[in-house]
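What's counted below: heavy atoms across the whole structure, side chains too, no hydrogens, waters or symmetry copies. Heads up: numbering here begins at 1 and tracks the sequence.
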Amino acid sequence: MAYREEDAILYALAVGTPADQLDLVFERNLRVLPTYGLVLGLWVADAAGALGAFRPQDALHGAQTLNVHKPLPPEGEIDVHGRVAAVWDKGSAAVLEVVAECDHFTAGYSIFLPRQGGWGGERGPSAVRADNPAPVGPVWSGSYATSAQQAALYRLTGDRHLIHIDPEAAHAAGLPGVILHGLCTLGIAAREVAEAAGARPWELASLRARFTAPVRPGDTIALSCRRGGDGAIAFTAQAAGATVLSGGSAVYSPQGAADPG
């Protein structure tokens, strides 16, 4: 996957980075948000659908993981490999685990497939959840007000699914209207939660969360998190009275600030 500085900056803006955070939006000494790797690896899930592993119109993004190995360069070409890691039979549904791997990151995409279980396969894990030691210290909370244009902007990073731009397609999928990309919501959360860790957003070392409800463009995302005994940040996110991210866990490391080279 090849990308330019402009692509990394567009992603940063699409997940709400303020224009005064020059490290992320100005090509001079540019840092790339680690969650941009989720965009670079998304083709693996798309390819699995294109090859017949699932019907994209029937699938939901159930959960996401990211482990950062080294910082992404400001621009370049990343050799990303993909594989289907597992298929779980949940009874009334199936879950397809797709993994994208490269020297810079490993990303896991859990694809939820309603009405496609029941063949007697292994059930697999029940959910992605934070299993950190007991939380310590005060609860941190924050919020981010998405814009009416957020989904239209984020789709320019590569995810052109119609439910994020076309109201008719969204209604046909049983949604009340256009929804924000789950990976956009997660990118916003990872960037905002860095404050709770006393870290900078590009110092993200690992991330996971479960997608539990959609966000509509214009909704305010309310974040609540607490530091675990191991230094991981456990977090949840809500919007319009519903939990939209659950079982969230983020780890930030100073090594994420290293020169991407």
Criterion side chain to side chain contact (heavy atoms under 4.5 Å, CB included) on E195 and W140, from CA distance to verdict | CA-CA 9 Å; E195 181 178 332; W140 177 95; 3.8 Å; yes
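- Criterion: ILVMFWY side-chain heavy atoms under 4.5 Å apart, direct or through other members. Under it, L42 and L113 are part of a common hydrophobic cluster.
- Distance NE2/H161 to CD1/I163: 4.5 Å, rounded to 0.5 Å.
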Apply the test side chain to side chain contact (heavy atoms under 4.5 Å, CB included) to residues S224 and V139: give CA-CA distance (whole Å), side-chain angles for both, the deciding distance (0.1 Å), then the verdict.
-> CA-CA 7 Å; S224 178; V139 172; 3.5 Å; yes
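- Of the possible polar contacts, none joining the K90 side chain to the G117 backbone as a donor-acceptor pair under 3.5 Å is found.
- Note on L10: it does not cluster hydrophobically with L180, by side-chain heavy-atom contacts below 4.5 Å among ILVMFWY residues.
- Shortest non-hydrogen contact noted between A190 and T35 is CB-CG2, 3.9 Å.
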Evaluation steps, side chain to side chain contact (heavy atoms under 4.5 Å, CB included), between D23 and L30 | CA-CA 5 Å; D23 287 309; L30 181 67; over 6 Å; no
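- Pairing each heavy atom of I221 with each of A237, the nearest pair is CG2-CB, 3.9 Å.
- Residues V178 and V244 do not share a hydrophobic cluster, defined by chaining ILVMFWY side chains whose heavy atoms lie under 4.5 Å apart.
- A 4.5 Å side-chain heavy-atom check between L24 and I9 finds every atom pair outside the cut-off.
- Side-chain contact between W119 and V87: present, with at least one pair of heavy atoms (C-beta onward) separated by less than 4.5 Å.
- Between S110 and F211 the shortest side-chain heavy-atom distance does not fall below 4.5 Å.
- Residues M1 and L156 are members of separate hydrophobic clusters, defined by side-chain heavy-atom contacts under 4.5 angstrom among Ile, Leu, Val, Met, Phe, Trp and Tyr.
- Shown here for P74 and V32, the closest heavy-atom pair between the two residues is CA-CG2, 3.7 Å.
- The salt bridge (Lys or Arg N to Asp or Glu O under 4.0 Å) analysis of residues 96-120, with sequence neighbours excluded, yields the pairs R83-E101.
- F105 is listed as a side-chain neighbour of V80, based on a closest heavy-atom distance under 4.5 Å.
- Judged by distance alone, with hydrogens and angles left aside, the side-chain atoms of Q64 form a donor-acceptor pair with the main-chain N or O of G108 at under 3.5 Å.
- Screening residues 60-76 for salt bridge (Lys or Arg N to Asp or Glu O under 4.0 Å) gives no qualifying pairs among residues at least two apart or on separate chains.
- Q150 contributes a side-chain N or O that, together with a main-chain N or O of S147, makes up a donor-acceptor pair within less than 3.5 Å.
- For the pair A242 and A213, the tightest heavy-atom approach, listed with the atom from each and the gap, is CB-CB, 4.2 Å.
- Considering only residues two or more places apart in sequence or on other chains, T106 meets the side chain to side chain donor-acceptor pair (under 3.5 Å) condition with H69.
- In this structure, OG on S246 lies 10.5 Å from CD on Q238, to the nearest 0.5 angstrom.
- Across S143 and T220, no two heavy atoms sit closer than the pair CB-CG2, 3.9 Å.
- Two residues are said to be in side-chain contact when any heavy atoms from C-beta on lie closer than 4.5 Å; V99 and Y109 fail this criterion.
- Not one N or O on the side chain of H181 forms a donor-acceptor pair closer than 3.5 Å with the backbone of L183.
- Between the R227 side chain and the A197 main chain, a donor and an acceptor come within less than 3.5 Å of each other.
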Evaluate the criterion salt bridge (Lys or Arg N to Asp or Glu O under 4.0 Å) for residue pair D7 and R4; output intermediate values, then yes/no.
-> CA-CA 5 Å; D7 299 315; R4 305 166 300 164; 3.5 Å; yes
Worked verdict on W202 versus V68 for side chain to side chain contact (heavy atoms under 4.5 Å, CB included) | CA-CA 10 Å; W202 58 83; V68 180; over 6 Å; no
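- To the nearest 0.5 Å, atom CD1 of residue I165 and atom CG of residue L153 are 10.0 Å apart.
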Distance-only donor-acceptor hits, side chain of residues 48-59, under 3.5 Å, sequence neighbours excluded:
unit_1: R55; atom_1: NE; unit_2: D58; atom_2: OD2; d: 2.4
unit_1: R55; atom_1: NH2; unit_2: D58; atom_2: OD2; d: 3.4

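- No donor-acceptor distance shorter than 3.5 angstrom exists from the side chain of T146 to the backbone of P217, with no hydrogens or angles considered.
- The backbone N or O of L223 sits nowhere less than 3.5 Å from a side-chain atom of S141 that would complete a donor-acceptor pair.
- The side-chain heavy atoms of L245 and T185, taken from C-beta on, include a pair separated by under 4.5 Å.
- With values rounded to the nearest 0.5 angstrom, L207 atom CG is found 7.0 Å from L38 atom CG.
- Residue pairs meeting the salt bridge (Lys or Arg N to Asp or Glu O under 4.0 Å) criterion with at least one member in residues 155-176, sequence neighbours excluded, do not occur.
- Residues meeting the side-chain contact (heavy atoms from CB on, under 4.5 Å) test with V39, sequence neighbours left out: Y11, Y36, Y154, T157.
- Checked by atom type and distance alone, the side chain of R200 never pairs as donor or acceptor with a backbone atom of A194 at under 3.5 Å.
- Although no hydrogens or angles enter the test, the distance criterion places a donor-acceptor pair under 3.5 Å between the side chain of H61 and the main chain of A63.
- Y144 carries R191 over the face of its six-membered ring, with the cationic atom under 6.0 Å from the centre and within 45° of the normal.
- Within the model, atoms SG of C102 and CG of L72 stand 7.0 Å from one another, a figure rounded to the nearest 0.5 Å.
- When every heavy atom of A12 is checked against every heavy atom of T17, the shortest pair comes out as O-OG1, 2.8 Å.
- Within a 6.0 Å radius of CD in E6, other residues, nucleotides and ligands contribute more than 12 heavy atoms.
- In this structure, the side chain of Y3 does not engage the main chain of I78 through any donor-acceptor pair within 3.5 Å.
- Rounded to the nearest 0.5 angstrom, N29 CG and R31 CZ are separated by 8.0 Å.
- Taken together through direct or relayed side-chain contacts under 4.5 Å among Ile, Leu, Val, Met, Phe, Trp and Tyr, I111 and W43 form part of one hydrophobic cluster.
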